[in-house]
**Q** 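Before I ask anything, let me first share the structure, which is written out below as structure tokens.
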Amino acid sequence: MPHAQSNRDVADTLRRLADLLEIRGEAVFKIAAYRRAAESIITVAEPISAVHARGELEQVPGVGKAIAQKVADLLNTGTFKLLDEVQAEIPPGVAALLRVPDVGPKRARLLYEQLGVQSIEDLQAALDSERLAATKGIGVTGARRIAEGLASLRPADSRLPLGRAVPLAAALCEQVRQLGAAQVEIAGSVRRFADLVGDVNLVASSDDPKTLLDAFCSLPSVASVESRDDGACRVLLHDGAPVALVAGTQGELGSLLQYHTGSKQHNARLRAIARSRGIELTPRGFIDGNTTHRCSTEDEVYAYLGLQPIPPEMREDTGEIELAMEGKLPPPFLAAHLRGDLHMHTTWSDGTRTVREMALAALERGYEYICISDHSQSLGVANGLSAERLLQQRQEIDAVNAELRPFRVLQGAEMEVRGDGALDLPDEVLRSLDLVTASVHSGLRRGRESVTARALSALNHPLVDVLAHPSGRLVGGRPGGDFDMDALYAAAAQMGTALEINGDLARLDLRDTHARAAVAAGCTLTIGSDAHSTEGLVNTAYGVRLATRAWAQREHVLNTRPLDALLGALKRNR
DNA sequence: GCCGTTTTCGGCCCGACTGTTTTCAGTCG
């Protein structure tokens, strides 16, 4: 009997099926249909099993008769006929090969059929034995690139990318709350907003911690209990994610939260400071002689040591403790400081909402302005806009502006930086836009010189205002281009071209260290959601947390400024 | 396989980059 299937479980199964069908060589549109259905099921707000119970699966967008039947079978029996069939034909490990950069469906099949490769481990063995380089269709260069791809994959494997950990932690908090906890907080590296997290840490208060832990260990999503005592437990979920829950009383919650948020280095420094004053900092409070001082809030912990409260994102012992000692921490940078969002997509390119829908959702968030930055023409897969379609879009934007004044929708575009460094629309078109963003999407794996030259050419362009997701990395996935980042900061600072902190959890780019270096080099930043739906607008809040981690302050970020100041800072208006 | 203000068929996800190759196939966004 399979355990209850969440929307994510069902979507994952459909994605896996799509991968297998692709390796099998099925028609591309059929495969795309399964992927589309999977993405759609993820966004359904209620459990898909409830939709199934009402017999309404076919009303989910992208789900027709055939997929509805398969999902119904999956929910009822844990599998369906086509899935069994292709799984019998292609071992599951072969689909995993698709995760390796430079291995697509054709090569996965080739590797399996000609070399018997059935897993990532087999692939490594084939590389080591040089059988890959000798295979027709791969060759020496292909084998080298696959080896590099494999290496880039490895370190991320054991840790959860933040994009997975954040929603998981939020869902777990809700579950712990329902188990009767008085208060539940996310702790650990998720709270510090580290890119990749070893495990998801939660801290809860309860009148009866022991019973709470019992109930938590018995949750249906828990596959195994790794360790357990009266105050804490560590479990593995069915998808392999490790989760630790610490439970205590309300009065010690601040101490627990501080201790379990870390980082290790940050806490070690705090312990040393405490010891120098003859007290001891422990997970459940300060021990001063015979008395234990438990803190119900984190601020109390810091105040007890004579420190300003330090935002969790900054707790890495990179200078924040010294500042807090001197009372010189910068004022907190909050999502509420953002006046608008400069990076989002609509139905004109690959977004799922109209200009008006995005504007209304932005108004609801309290923004004063947004910039629509749909893709430009050469990103064909995203239905990028030509000069002509940009003109048509301008009319729609004008109409929304007339309706929603004084709220302002700016027209921008996310321009492709081509292989030769040029943008893919002429300058007179760029001049007609309110704000121009440039992105390097292709050729990221060419050498340092090539990618750096292209980024510099965008930064130095007299009409480009923002370089979006500058490194091109994907958290826990692709490492991004080998840019000479210092050269990028220098050009950005000199030209007054802003560098984006892209708040999409899959990107988080600039990353923390890059953003901190950029600010130090005198660059201006923007924080963009890169939203493809109204739900995606929340990404700017993640961007602000990343900015905090990078020690960036609100004055470093262009879109904390009122509209007039923003417009005045753009190249075309200077 | 899904979808429909062109509704039961025929479109939908195109173009750049790379080198496995020397004229095209595979991968990627």
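Just so it is clear: chains get the letters A, B, ... in the order the sequence lines come, proteins before strands, and each one is counted from 1. Worth saying up front: this structure is predicted, and the values here are computed from it rather than measured.
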**Q** What's the NZ-C1' distance between A:K136 and B:dG19, to the nearest Å?
**A**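 Going from A:K136 (NZ) to B:dG19 (C1'), I get 13 Å.
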**Q** What nucleic acid atoms does A:R418 come within less than 4.0 Å of, heavy atoms only: base, sugar-phosphate, or nothing?
**A**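 If one applies the 4.0 Å heavy-atom cut-off, A:R418 turns out to touch the sugar-phosphate alone, with no base involved.
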**Q** Side chains of A:S529 and A:N539: donor-acceptor distance under 3.5 Å anywhere?
**A**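 Checked: A:S529/A:N539 side chains show no N/O donor-acceptor pair below 3.5 Å.
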**Q** Which is more 5' along DNA chain B, the nucleotide nearest A:N383 or the one nearest A:L98? Just name the residue.
**A**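 Looking at the nearest nucleotide for each, A:N383 comes out on the 5' side.
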**Q** Just checking A:V28: base, sugar-phosphate only, or nothing, at a heavy-atom cut-off of under 4.0 Å?
**A**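 Since no nucleic acid heavy atom lies under 4.0 Å of A:V28, the category is nothing.
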**Q** What distance, rounded to whole Å, do you find between the two P atoms, one in B:dT27 and one in B:dT20?
**A**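 Pairwise P distance, B:dT27 against B:dT20, rounds to 13 Å.
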**Q** Provide the distance between the two C1' atoms, one in B:dT6 and one in B:dC12, to the nearest whole Å.
**A**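 Straight-line distance between the two C1' atoms is 15 Å.
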**Q** Between B:dG26 and B:dC13, how many Å separate the two C1' atoms, rounded to a whole number?
**A**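 After rounding to an integer number of Å, I get 16 Å for this pair.
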**Q** Could you state the CG-P distance from A:L444 to B:dT27, rounded to the nearest angstrom?
**A**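 In whole Å, B:dT27 P and A:L444 CG are 18 Å from each other.
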**Q** Distance check needed: B:dG1 P versus A:R15 CZ, whole Å only.
**A**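 So the two atoms are 20 Å apart, to the nearest Å.
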**Q** Please give the nucleotide sitting opposite B:dC17 as a Watson-Crick or G-U wobble pair, both distances under 3.5 Å, or none.
**A**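 By the stated definition (distances under 3.5 Å), B:dG26 pairs with B:dC17.
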**Q** Whole Å only: how far is the NZ atom of A:K65 from the C1' atom of B:dT8?
**A**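 These atoms are roughly 13 Å apart.
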**Q** Using a 4.0 Å heavy-atom cut-off, does A:A66 contact any base of the nucleic acid, only the sugar-phosphate backbone, or nothing at all?
**A**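 Sugar-phosphate: the residue A:A66, judged by heavy atoms under 4.0 Å, touches backbone atoms but no base.
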**Q** Do A:E414 and A:S439 get their side chains close enough for a donor-acceptor pair, meaning under 3.5 Å?
**A**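 Yes, A:S439 and A:E414 have a side-chain donor paired with an acceptor closer than 3.5 Å.
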**Q** Of the listed nucleotides (B:dT27, B:dG1, B:dC28), which one gets closest to any side-chain atom of A:P105?
**A**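 Looking only at side-chain atoms, A:P105 lies closest to B:dT27.
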**Q** Would you kindly give the CG-to-P distance between A:D350 and B:dC28, to the nearest whole Å?
**A**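 A:D350 atom CG is separated from B:dC28 atom P by 19 Å.
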**Q** Once you round it to whole Å, what is the distance between P of B:dC28 and NZ of A:K106?
**A**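 It works out to 12 Å between those atoms.
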**Q** For B:dG15 and A:S378 - does any side-chain N or O of the residue sit under 4.0 Å from the phosphate oxygens OP1/OP2?
**A**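 No, outside the criterion.
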**Q** Expressed as a whole number of angstroms, how long is the span from A:R107:CZ to B:dG19:C1'?
**A**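 Between C1' of B:dG19 and CZ of A:R107: 9 Å.
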**Q** Is A:K70 reaching over with its side chain to a backbone N or O of A:L14, donor-acceptor style, under 3.5 angstrom?
**A**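 Not a single qualifying donor-acceptor pair exists.
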**Q** Mind checking the C1' distance from B:dT8 to B:dC3? Whole angstroms is fine.
**A**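 Per the computed distance, 11 Å lies between those C1' atoms.
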**Q** Measure from the side-chain heavy atoms of A:K30 and tell me the nearest of B:dC13, B:dG29, B:dG1.
**A**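 Given the options B:dC13, B:dG29, B:dG1, the side chain of A:K30 is closest to B:dG1.
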**Q** Once the angle between the rings of A:F193 and A:Y542 is folded into 0 to 90°, is it parallel (under 30°), tilted (30 to 60°) or perpendicular (over 60°)?
**A**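 Judged by the thresholds at 30° and 60°, the geometry between A:F193 and A:Y542 is parallel.
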**Q** Just call it for A:G137: base, sugar-phosphate, or nothing, with non-hydrogen atoms closer than 4.0 Å on any strand.
**A**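 The residue A:G137 makes base contact.
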**Q** A:S442 or A:T135: which one's nearest nucleotide on DNA chain B is closer to the 5' end?
**A**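 Here A:S442 is the residue nearer the 5' end.
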**Q** Ignoring hydrogens and geometry beyond distance, is a side-chain donor-acceptor pair present between A:H345 and A:D530 at under 3.5 Å?
**A**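 Distance-only check passes for A:H345 and A:D530.
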**Q** Assess, by modelled atom type and distance only, whether the side chains of A:W348 and A:E396 contain a donor and an acceptor separated by less than 3.5 Å.
**A**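 Yes, because at least one side-chain N or O of A:W348 sits under 3.5 Å from a partner of the opposite role on A:E396.
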**Q** How close or far is atom P of B:dT27 from atom CZ of A:R99, stated in whole angstroms?
**A**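 From A:R99 CZ to B:dT27 P: 16 Å.
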**Q** For A:F29 and B:dC12, are the ring centres under 5.5 Å apart with planes inclined under 30°?
**A**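 Yes, A:F29 stacks on the base of B:dC12.
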**Q** Think A:R145 has a side-chain N or O under 4.0 angstrom from the OP1 or OP2 of B:dG19?
**A**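 For B:dG19, OP1 or OP2 has a side-chain N or O of A:R145 closer than 4.0 Å.
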